[in-house]
Amino acid sequence: RPSIIRSNAFDRMIDGLRERRELGRFVSATLDQDVAQERETAVGPREVEGAVLVSDLRSFTTISETKPVDDVVGMLNAHLEAMAGAIHAAGGKIDRFIGDAVIAAFYGESPAENARRALSAAVAMRRAHERRLAERRAGGAFEYGMGVGIDAGKLLVGSFGTSERMERAVLGPPRELAERLEADSKKGRHTTIVLSPAMIELLGGSTVGFEKVPGSDGWELVKLPPEAGA
């Protein structure tokens, strides 16, 4: 009997992962289009100025091991859909979902505009997350945290791999630093949105409204700006 229950739970988890893959395909349409154009023109990966946003959930391994599978899959799919919507609305291109993490890129505009859009997406993601938590709290569901790291600079965008398997990707130092800043956001005390010094410079150079993260080069956004029309 336990093996049957475990098998059914595993099947539901697989179904949830399929839904997430389809969601990734939908929201990544603009990046996929870029890659398709590269294949047609045989240009290959190209260097662009852009910003990379990395977001991750807190203690997801513990959550996945201690909560019912259906609850975890439902939470994760709803969370990723909300995050993807915020990124897409800000003009971002989702590179990939890695487990509970989201990696997105913002390029095609001026460096300052790319940075502004990345921060705008992070703010919208935080607001969406807070709305989700309020709904889950009201329904008695378990809560969860998230963090965001953002850096900007030169990126390589395109398809990488072998003749047998090509995969679209956004690579470069900004992605690596954004991942580290997301990890540093665990030390944050406010919005857990952490920006690199390069992002601060592109946004005007002022650290007013930001707080240095202890033991990190990152700056945490202290307070979400008022919503438009509020």
Side-chain angles (χ1 to χ4, degrees), residues 50-63 75-76 78-92 94 97-106 111-138 141-153 174-230:
V52 176
L53 178 155
V54 176
S55 176
D56 206 354
L57 297 186
R58 295 286 177 263
S59 305
F60 182 72
T61 299
T62 300
I63 290 174
M75 176 276 287
L76 184 56
H79 172 78
L80 292 176
E81 185 169 7
M83 300 302 102
I87 291 167
H88 196 61
I94 292 186
F97 297 134
I98 302 178
D100 55 304
V102 183
I103 300 176
F106 298 78
E113 179 63 12
N114 294 330
R116 188 197 66 78
R117 290 189 179 193
L119 178 57
S120 177
V123 168
M125 291 165 68
R126 168 55 62 183
R127 288 200 178 106
H129 174 64
E130 291 179 351
R131 286 192 293 269
R132 288 286 305 151
L133 286 188
E135 293 169 0
R136 294 180 65 81
R137 199 175 297 121
F142 67 86
E143 298 181 33
Y144 59 94
M146 65 168 281
V148 177
I150 313 175
D151 187 29
R175 172 172 170 169
E176 297 167 9
L177 181 53
E179 291 175 349
R180 292 199 297 273
L181 293 177
E182 188 286 318
D184 290 343
S185 72
K186 296 173 184 177
K187 307 172 189 173
R189 303 187 304 160
H190 307 287
T191 64
T192 65
I193 296 173
V194 179
L195 276 59
S196 69
M199 279 288 295
I200 295 293
E201 284 301 314
L202 288 172
L203 293 170
S206 174
T207 56
V208 174
F210 293 88
E211 183 176 280
K212 194 74 161 53
V213 178
S216 169
D217 290 332
W219 293 83
E220 182 188 17
L221 180 66
V222 172
K223 186 178 180 181
L224 298 182
E227 291 195 66

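Scope of the values below: all heavy atoms of this structure, side chains included, with no hydrogens, waters or symmetry mates.
Between R136 and E143, no side-chain nitrogen of the basic residue sits less than 4.0 Å from a carboxylate oxygen of the acidic one, so the salt-bridge criterion is not met. Salt bridge E220/K186: absent, no basic N to carboxylate O contact under 4.0 Å. Ion pair R131/E135 not flagged as a salt bridge, since none of the NZ, NE, NH1 or NH2 atoms sits closer than 4.0 Å to an Asp/Glu carboxylate oxygen.
Taking the salt bridge (Lys or Arg N to Asp or Glu O under 4.0 Å) definition, one finds that E201 meets it with nothing, sequence neighbours left out. For E211, the salt bridge (Lys or Arg N to Asp or Glu O under 4.0 Å) partners two or more places apart in sequence, or in a different chain, are R189.
The CE atom of M83 lies 12.0 Å from the CG atom of D100; values are rounded to the nearest 0.5 Å. The structure places CD of E130 at 9.0 Å from OG1 of T191, a figure rounded to the nearest 0.5 Å. Interatomic distance, L119 CG to L202 CG, rounded to the nearest 0.5 Å: 11.5 Å. Y144 contributes atom OH, which lies 6.5 Å from atom CG of L57 (distance to the nearest 0.5 angstrom). Put simply, NE2 on H79 and CE on M146 are 5.0 Å apart, with the number rounded to the nearest 0.5 Å. Here the CG atom belonging to L203 is positioned 6.0 Å from the CZ atom belonging to F210, to the nearest 0.5 angstrom.
For the residue pair R126 / T192, a side-chain donor-acceptor distance below 3.5 Å is found, with atom types taken as modelled. When only modelled atom types and interatomic distance are considered, S185 and R58 share a side-chain donor-acceptor pair under 3.5 Å.
Considering all non-hydrogen atoms of both residues, R117 and A90 come closest at CD-O, 3.2 Å. Residues G99 and L76 come closest through the heavy atom pair O-CD2, 4.3 Å. Of all non-hydrogen atoms in P174 and D151, the two that sit nearest each other are CA-OD2, 3.2 Å. Scanning all heavy atoms of the two residues, the minimum distance from S206 to I200 falls at O-CG2, 3.7 Å. The two atoms that bring M199 and A51 nearest to each other are SD-CB, 4.2 Å, heavy atoms only. Looking at every heavy atom in both residues, L53 comes nearest to A121 through CD1-CB, 4.3 Å.
In this structure, L177 and D217 have side chains that are not in contact, with every pair of non-hydrogen atoms separated by 4.5 Å or more. Side-chain contact between I103 and E179: present, with at least one pair of heavy atoms (C-beta onward) separated by less than 4.5 Å.
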Item to check | Test side chain to side chain contact (heavy atoms under 4.5 Å, CB included) applied to L80 and V102, step by step | outcome: CA-CA 8 Å; L80 292 176; V102 183; 3.5 Å; yes
Next on the checklist: Before you tell me yes or no, could you show the steps for I87 and M125 under side chain to side chain contact (heavy atoms under 4.5 Å, CB included), namely the whole-Å CA-CA distance, both residues' side-chain angles and the distance that decides it to 0.1 Å?
Outcome noted: CA-CA 8 Å; I87 291 167; M125 291 165 68; 3.8 Å; yes
Checklist entry - Please walk me through it: do L224 and I193 pass side chain to side chain contact (heavy atoms under 4.5 Å, CB included)? => result CA-CA 10 Å; L224 298 182; I193 296 173; 4.1 Å; yes
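Of the possible donor and acceptor atoms, none in the side chain of S196 sits under 3.5 Å from a partner among the backbone N and O of G218.
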